[in-house]
Amino acid sequence: MKNAELEDPDVTKWEEGYQEEIHAMILIADDNYDTVQNHKQLLVKELNGFF
């Protein structure tokens with residue numbers, strides 16, 4: 001998010017824990033494989049271009 005155009009203050013003014021690169025993981029779980037796949041596809045569409 002450091003390069004996002006959000007009108008945020010300079011990175012040096014962020015809290016220390018947020019000044020470095022942040023990694024994340026999204027876990028999708030369900031008893032039904034098709035439900036997981038559908039949610040995955042929706043998330044991929046939503047996040048496409050965000051990264």
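Just so you know, residue 1 is the first one in the sequence shown, and it goes up from there.
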>> Quick check against the 3.5 Å criterion: does Asn38 have a side-chain atom that pairs as donor or acceptor with the backbone of Asp34?
In response: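 Indeed, once roles are kept as given, a pair shorter than 3.5 Å links the two residues.
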Can you tell me how far apart [atom1] ([X]) and [atom2] ([Y]) are? Round to the nearest 0.5 Å.
X     : Y     : atom1 : atom2 : answer
Gln37 : Asp30 : CD    : CG    : 11.0 Å
Asp10 : Gln19 : CG    : CD    : 9.0 Å
Ile28 : Thr35 : CD1   : OG1   : 11.0 Å
Lys40 : Tyr33 : NZ    : OH    : 6.5 Å
His39 : Glu46 : NE2   : CD    : 12.5 Å
Leu42 : Leu47 : CG    : CG    : 10.5 Å

> Does Val36 belong to the same Ile/Leu/Val/Met/Phe/Trp/Tyr cluster as Ile26, with side-chain heavy atoms less than 4.5 Å apart forming each link?
Replying inline: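 Yes.
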>> Would you say that Tyr18 contacts Val11 through its side chain, given a criterion of any heavy-atom pair below 4.5 Å between the two side chains?
In response: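 Not touching, per the 4.5 Å side-chain cut-off.
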